[in-house]
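A note on names: the letters A, B, ... follow the listed sequences, proteins ahead of strands, and every chain is numbered from 1.
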There are 2 protein chains.
Amino acid sequence: MTISSLRPTGLGIREVSERTGLSVDTLRWYEKEGLLPPMPRGGDGRRVYPERMVEFVELVVALRRTGLSVADTRSFVELADEGAASHGRRMALLERQREDIHEQQRRLAADLAAVDTKITHYRELIAAGLDCDGLPVDETTAVRQRRTA
Amino acid sequence: MTISSLRPTGLGIREVSERTGLSVDTLRWYEKEGLLPPMPRGGDGRRVYPERMVEFVELVVALRRTGLSVADTRSFVELADEGAASHGRRMALLERQREDIHEQQRRLAADLAAVDTKITHYRELIAAGLDCDGLPVDETTAVRQRRTA
DNA sequence: CTAGGCGCTGGAGCGCACTCCAGCGCAAGC
DNA sequence: GCTTGCGCTGGAGTGCGCTCCAGCGCCTAG
């Protein structure tokens with residue numbers, strides 16, 4: 001019977017990796033770089049992740065994935081160190097990130113529209129058997145024009 | 001009176017840079033890497049961009065910005081070389097990219113929801129003067145908790 | 001005639017965010 | 001008591017996508 005079996009609340013780094021999608025190396029690198037707080041260690045020096053840490057890691061992943069830089073993510077995590085006193089500042093940081101995400105959504109929608117317009121354009125040319133200048137293509141080309149692979 | 005003044009249809013690299021938002025260096029690099037077709041040159045060896053090329057560059061920008069890799073963008077541009085015969089394949093590539101953008105939109109919306117949830121959480125804790133464990137904070141902390149900068 | 005502005009090429013350099021070892025320790029199972 | 005598995009550290013390496021020269025040429029204006 002081991003210590004860890006007496007403490008079912010702690011997770012190994014591998015388990016956290018599987019639950020969050022971050023590689024084991026990345027979890028360690030994030031901790032070293034301050035994107036995750038220093039983790040408590042078991043008697044053998046291994047990281048023991050509290051169960052609730054998974055949720056925190058997932059927030060960090062969401063922030064990174066939405067483009068928050070490593071530096072700003074570190075700031076957020078440093079604020080978390082301060083406890084309740086930093087709630088307002090953490091909220092403000094997240095609100096800035098929210099605006100950034102809104103901006104990304106607008107850009108993405110605009111780029112999607114551009115791609116869709118082009119797709120429609122190709123579809124029409126293929127249906128009509130025309131080239132980019134609106135001139136009819138020959139039969140050999142028309143056959144190729146319809147190929148999608 | 002120069003040649004270029006007799007051909008108002010051609011654009012200089014700087015002008016294309018300003019219209020598309022790509023740096024001059026990036027325009028040249030894209031061409032070298034096949035993300036843009038080889039441009040015709042003026043008598044002095046400088047690139048002359050046809051007016052309609054701006055539209056094409058903007059499509060490339062949209063593709064890159066939505067995460068299409070350099071390699072896949074190159075494939076798209078190589079297909080464009082083939083003319084009308086590659087319309088179907090170009091359309092298919094854009095359709096795959098469209099699906100990818102949809103996926104990005106879903107992820108972005110999910111990550112936004114996570115951030116919003118956290119913001120709401122902080123807002124509630126601040127309003128109630130509680131810490132992360134739901135315990136009341138002291139007055140000094142409460143004041144700091146409300147600070148946003 | 002020369003100085004400034006723009007552009008050209010080839011190649012080196014850079015920033016970011018990981019990713020991948022080498023070499024080690026500990027603990028459990030056979 | 002040896003192998004297997006997991007984890008540790010420090011540090012080097014990687015991939016992507018630009019970005020930044022140095023050194024040059026060609027116009028045009030003064």
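Here R144(A) contributes atom CZ and D138(A) contributes atom CG; the two are 8.5 Å apart, rounded to the nearest 0.5 Å.
Atom-to-atom, CD of E33(A) to C1' of dT9(D) comes out at 14 Å; the value is rounded to the nearest Å. As rounded to whole Å, 13 Å separates atom C1' of dG7(D) from atom CG of L27(A). The separation between M39(A) atom CE and dG7(D) atom C1' is 16 Å, rounded to whole Å. Distance CZ (R65(A)) to P (dC16(C)): 22 Å, rounded to an integer number of Å. Atom-to-atom, CG of D44(A) to P of dT9(D) comes out at 11 Å; the value is rounded to the nearest Å. Atom CD of E31(B) and atom C1' of dC8(C) are 11 Å apart (whole Å). Going from atom CG of L63(B) over to atom C1' of dG17(D) covers 16 Å, rounded to whole Å. The CZ atom of R41(A) sits 19 Å away from the P atom of dC6(D) (whole-angstrom rounding).
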Verify salt bridge (charged side-chain N to carboxylate O under 4.0 Å, His left out) between R89(B) and E82(B), making sure each step is shown before the conclusion.
-> CA-CA 11 Å; R89(B) 280 164 289 161; E82(B) 285 185 39; 3.0 Å; yes
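The phosphate of dC26(C) has neither OP1 nor OP2 within less than 4.0 Å of any side-chain N or O from R46(A). The shortest distance between the side-chain N/O atoms of R47(A) and the OP1/OP2 oxygens of dG7(D) is not below 4.0 Å. Residue R14(A) places at least one side-chain N or O under 4.0 Å from the OP1 or OP2 atom of dG7(D).
With respect to D100(B), the side chain to side chain donor-acceptor pair (under 3.5 Å) criterion is satisfied by exactly one of R98(B), H102(B), Q97(B), Q104(B): Q104(B).
Looking at E95(B) and R123(A), a side-chain N of the basic residue comes within less than 4.0 Å of a carboxylate O on the acidic one, giving a salt bridge. Taking 4.0 Å as the cut-off between side-chain N and carboxylate O, E31(A) and R41(A) count as a salt-bridged pair. Salt bridge absent: R96(B) and E99(B) never bring a charged side-chain N and a carboxylate O closer than 4.0 Å. The residues R19(B) and E51(B) are annotated as salt-bridged, a charged nitrogen and a carboxylate oxygen being separated by less than 4.0 angstrom.
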Please tabulate the protein-to-nucleotide N/O contacts below 3.5 Å involving nucleotides 17-21 of chain C, giving atom names and distances.
residue, atom, partner, partner atom, Å
dA17(C), O5', R64(A), NH2, 3.4
dC18(C), OP2, Y30(A), OH, 2.8
dC18(C), OP2, R64(A), NE, 3.3
dC18(C), OP2, R64(A), NH2, 2.8

